[in-house]
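Data block below; observations after.
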Amino acid sequence: MAILVTGGAGYIGSHTCVELLNAGHEIVVLDNFINSNPESLNRISEITGCMFKTYSIDLLDKEKVDQVFEENDIEAVIHFAGLKAVGESLSIPLHYYHNNITGTVVLCEVMKRHNVKKLVFSSSATVYGIPKQCPISEEFPLSALNPYGRTKLMIEEILRDLYVSDNAWSIALLRYFNPIGAHKSGLIGEDPNGIPNNLMPYITQVAVGKLKELSVFGNQYPTKDGTGIRDYIHVVDLAVGHLRALDKVSNSTGIDAFNLGTGKGYSVLEMVEAFEKASLKKVHYKIVDERHGDAAVSYADPLKAKQELGWVAEKSIEEMCEDSWKWQMKNPNGYKNRIVDEENLHKVNSGDFFILN
Ligand code: NAD
Ligand code: UFG
């Protein structure tokens, strides 16, 4: 029996694959590499010493997704595949709706056809919009500020409808706060395309000399130093959260949302300082205007995940910064330094899937 990991080559997916393999699960990865590099899959194998099947296909291709279920004994799905850039979603909303929402509908249709009804879905703290207060608990009102956020909100609703229609489903909606950090080995990490949108990859690229300075978006928020506060969570803690959610969906039916965060908030300037300490590098910055649509403060109440999944985030902000830095130093150009070559991949069935060797 295997766990299908959609988007398994991406940032959070690759870390989750490592934890799944280390825990003894068999996995099958499905990714179209629209925002990732197959080299991440080689690195997963390097870290774990495990081989696994990967399908290089698009989730929108129903026939091919169906074939994955025909060829493998899938027991549950962890669904990461999706586009995630807020700014881009404002320019190409239809593409985001099609990719994220239709992709999820296709996946669920195929799952249903194969009687696989256990699903862990990557939602986001973005579904809380601008929260009225913090910490944020799962019962807070939901809203969306941009097309990306709306895809997450709509998918949550679609999955609720699916459960209402058939109570045999078991679905965990994981609302991530701000994942940063990387695997201890420095072999896998976040590899953004072009100029990063998010704080930590921007900071690491300034520290490594690829970018000149960080623009801090506003210092007049009602916070301790005026800059925005977020709940940063180590990506490995987040990955482990998926294993706990998998246990939950494997042993019960229902649909439930869980915050995956630490419950602690750090300001942008605190993050700069923590990173400078961990890297011994100066991070130059300037204060600029606030970014439209940014909340002043966002951090989780993670109690529900503790009580119902038996999961808590364990890693400190220091460790998050050290691991982000290690990844950046070892891979100044992300995965692009070691482009995957044909010899690295043992192709089977003319590209239908490949096994890493
Ligand atoms: P990522 O872009 O690194 O990974 C997503 C993966 O999905 C990529 O490998 C991409 O190639 C693949 N993909 C996208 N569309 C696909 C399609 N149609 N068919 C097949 N593969 C497809 O992103 P990530 O940071 O690992 O995020 C994973 C999930 O978590 C996403 O759904 C994202 O929206 C959600 N999320 C991320 C964050 C964050 O800050 N990173 C926060 C909250 C939620
Ligand atoms: N920030 C800067 N400068 C930058 C980038 C960010 O000052 O160059 C600030 C932001 O204003 C914010 C904080 O750093 O106060 C964090 O910003 P990120 O862009 O890293 O993260 P967000 O909280 O804005 O959003 C992220 C993802 C969303 C996701 C959300 C919750 O981008 O997709 O976390 O999980 F929905």
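Start at 1 and go down the list; that is how both ligands and their atoms are numbered. All residue numbers in this chain count up from 1 along the given sequence.
- By the 30° and 60° cut-offs, the orientation of the rings of Tyr176 relative to Phe80 is tilted.
- Of the listed options Asn32, Leu260, Asn178, Val65, Asn32 places a heavy atom closest to atom 21 (N) of ligand 1.
- In terms of protein heavy atoms, atom 15 (N) of ligand 1 is closest to Asn99 ND2, 3.1 Å.
- For atom 9 (O) of ligand 1, the nearest non-hydrogen atom from the set Ser36, Ser89, Pro201 belongs to Ser36.
- The local environment of NZ in Lys184 is crowded, with over 12 non-hydrogen atoms from other residues, nucleotides or ligands closer than 6.0 Å.
- Judged by distance alone, with hydrogens and angles left aside, the side-chain atoms of Asn331 form no donor-acceptor pair with the main-chain N or O of Asn333 at under 3.5 Å.
- Distances below 4.0 Å separate heavy atoms of Ser123 from the following atoms of ligand 1: 43 (C), 44 (C).
- Protein heavy atom nearest atom 27 (O) of ligand 1, with residue, atom name and distance: Ile12 CD1, 3.7 Å.
- Considering backbone and side-chain atoms alike, Tyr11 places an N or O below 3.5 Å from some N or O of ligand 1.
- Tyr232 counts as a contact of ligand 2, since one of its heavy atoms falls under 4.0 Å from the ligand.
- At least one heavy atom of Lys152 sits under 4.0 Å from some atom of ligand 1.
- Ser122 and His79 are not linked by any side-chain donor-acceptor pair at a separation below 3.5 angstrom, with hydrogens and angles left out of the test.
- Here the heavy atom of the protein found nearest to atom 34 (O) of ligand 2 is Asn178 ND2, 3.5 Å.
- A side-chain donor-acceptor contact under 3.5 Å links Glu39 and Asn42.
- Near Ser122, the atoms of ligand 1 lying under 4.0 angstrom from a non-hydrogen atom of the residue are 29 (C), 30 (O), 32 (O), 35 (C).
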Distance-only check: which donor-acceptor pairs under 3.5 Å involve side-chain atoms of residues 297-309, not counting sequence neighbours?
unit_1	atom_1	unit_2	atom_2	d
Asp301	OD1	Leu303	N	3.0
Lys304	NZ	Asp256	OD1	2.7
Lys304	NZ	Ala257	O	2.8

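- Near Phe177, with a cut-off below 4.0 Å to any heavy atom, the atoms of ligand 2 are 31 (C), 35 (O).
- Residue contact check: Gly82 has heavy atoms under 4.0 Å from atoms 5 (C), 7 (O), 13 (N), 14 (C), 15 (N) of ligand 1.
- Judged as a salt bridge (Lys or Arg N to Asp or Glu O under 4.0 Å), and not counting sequence neighbours, the contacts of Glu156 are Arg160, Arg175.
- Within the set Tyr148, Tyr176, Phe33, Tyr96, the minimum heavy-atom distance to atom 33 (C) of ligand 1 is found for Tyr148.
- Heavy-atom proximity to Gly10, at under 4.0 Å, picks out these atoms of ligand 1: 3 (O), 4 (O), 9 (O), 26 (O).
- Considering backbone and side-chain atoms alike, Pro179 places every N or O at 3.5 Å or more from each N or O of ligand 1.
- If you look at Ile57 next to ligand 1, the close heavy atoms, those under 4.0 Å, all belong to the backbone.
- Shortest contact from atom 29 (C) of ligand 1 to any protein heavy atom: Phe80 O, 3.3 Å.
- At least one N or O atom of Ile34, backbone or side chain, sits closer than 3.5 Å to an N or O atom of ligand 1.
- At a 3.5 angstrom cut-off on N or O pairs, Asn35 counts as close to ligand 1.
- Looking only at heavy atoms of the protein, atom 12 (C) of ligand 1 is closest to Asp31 OD1, 3.3 Å.
- The aromatic rings of Tyr148 and Tyr96 lie perpendicular to each other, with more than 60° between the two planes, well past the 30° mark.
- Ligand 1 has no nitrogen or oxygen under 3.5 angstrom from a nitrogen or oxygen of Ala9.
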